[in-house]
Every structure is written in structure tokens, then in C-alpha cells.
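Here is the structure we will look at, set down as C-alpha cells.
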Amino acid sequence: MLKVTVDLDVCQDHGQCVFAAPDVFELDDDGRLAYVGTPDESLRADVEDAADVCPLQAIRIEG
Ligand code: SF4
């Protein structure tokens, strides 16, 4: 199963991942990153793009 974790101690909430994978990542009303931990397999390419564009390399993909 595709599993996504973000190191929120590292993440600075700039949201590049939100543009790359809007079905997985979003900024909540407080501007903090929220995300789906077990997105559908069909979103794998988007998640990989998000991990690539994250300037802090805070996104980890398993599975
Ligand atoms: S791109 Fe990286 S640093 Fe920016 S909000 Fe997403 S996880 Fe956080």
C-alpha cells in the first residue's frame, strides 16, 4: 500500500506539494500542511512529483 509521511518538524508549509498533488496535500485554514497518509495507488505519480519538488525533502514515500 502506498504510504506517505511528512516530517512536519522540517516542513515549512510553503505548499509546493499541494500544487504537485492537490488530492493528497492541502494547506488547512491555519496554513499548516495536512495530507492523506494512505492515498490511492492512482495518485502515486503525483505523490512522487510532490516529493521531488519539496524544497526541504520532507516527504517520505513507502510501499
Ligand atoms: S513542499 Fe515540502 S515543505 Fe512545502 S508544504 Fe509540502 S511537505 Fe512542506
Side-chain angles (χ1 to χ4, degrees):
M1 191 203 321
L2 180 60
K3 189 164 182 283
V4 177
T5 51
V6 178
D7 186 341
L8 295 176
D9 292 332
V10 172
C11 170
Q12 293 186 353
D13 305 306
H14 295 307
Q16 280 89 336
C17 57
V18 178
F19 290 106
D23 292 328
V24 179
F25 301 94
E26 65 175 2
L27 295 177
D28 69 15
D29 291 343
D30 296 325
R32 298 305 314 270
L33 183 69
Y35 63 99
V36 179
T38 54
D40 189 84
E41 181 64 36
S42 64
L43 296 169
R44 179 180 294 272
D46 284 0
V47 171
E48 288 176 347
D49 285 348
D52 284 346
V53 299
C54 175
L56 297 163
Q57 296 294 293
I59 301 172
R60 183 171 303 274
I61 303 169
E62 297 170 58

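FYI, the numbering just counts along the sequence from 1. The figures that follow rest on heavy atoms only: side chains count, while hydrogens, waters and symmetry mates do not. Read the numbers this way: they start at 1 and go in the same order the structure lists the ligands and their atoms.
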Is Asp13 touching ligand 1 with its side chain, its backbone, both, or neither, if touching means heavy atoms under 4.0 Å apart? backbone
Heavy-atom check, side chain of Ile61 versus side chain of Lys3, under 4.5 Å: no
Shortest protein contact, atom 4 (Fe) of ligand 1 (heavy atom only): Gly15 N, 3.5 Å
side-chain contact (heavy atoms from CB on, under 4.5 Å), that's the test. Do Phe19 and Val53 meet it? Break it down for me. CA-CA 10 Å; Phe19 290 106; Val53 299; over 6 Å; no
With a 4.5 Å limit on heavy-atom distance, are the side chains of Val4 and Thr38 in contact? no
So, Cys11 and atom 8 (Fe) of ligand 1: N/O/S under 2.8 Å, yes or no? yes
Within 4.0 Å of some non-hydrogen atom of His14, the atoms of ligand 1 are 4 (Fe), 5 (S)
Report the nearest protein non-hydrogen atom to atom 6 (Fe) of ligand 1: residue, atom name, distance rounded to 0.1 Å. Cys17 SG, 2.3 Å
With heavy atoms of Val6 as the reference, note each atom of ligand 1 found under 4.0 Å away. 7 (S)
N/O/S atom of Cys54 inside 2.8 Å of atom 6 (Fe) of ligand 1, strictly under: no
Does a side-chain heavy-atom distance below 4.5 Å link Leu33 with Val6? yes
Determine, using the 4.5 Å side-chain heavy-atom cutoff (strictly less than), whether Val10 and Val24 are members of one ILVMFWY cluster. no
Quick note on ligand 1: atoms under 4.0 Å from a heavy atom of Ile59 include exactly 7 (S)
Side chain proximity check, Glu62 to Thr5, heavy atoms < 4.5 angstrom: yes
Note, Leu56 side chain near Cys11 side chain (heavy atom, < 4.5 Å): no
Under 4.0 Å from ligand 1, counting heavy atoms only, is it the side chain of Gln16, its backbone, both or neither? both
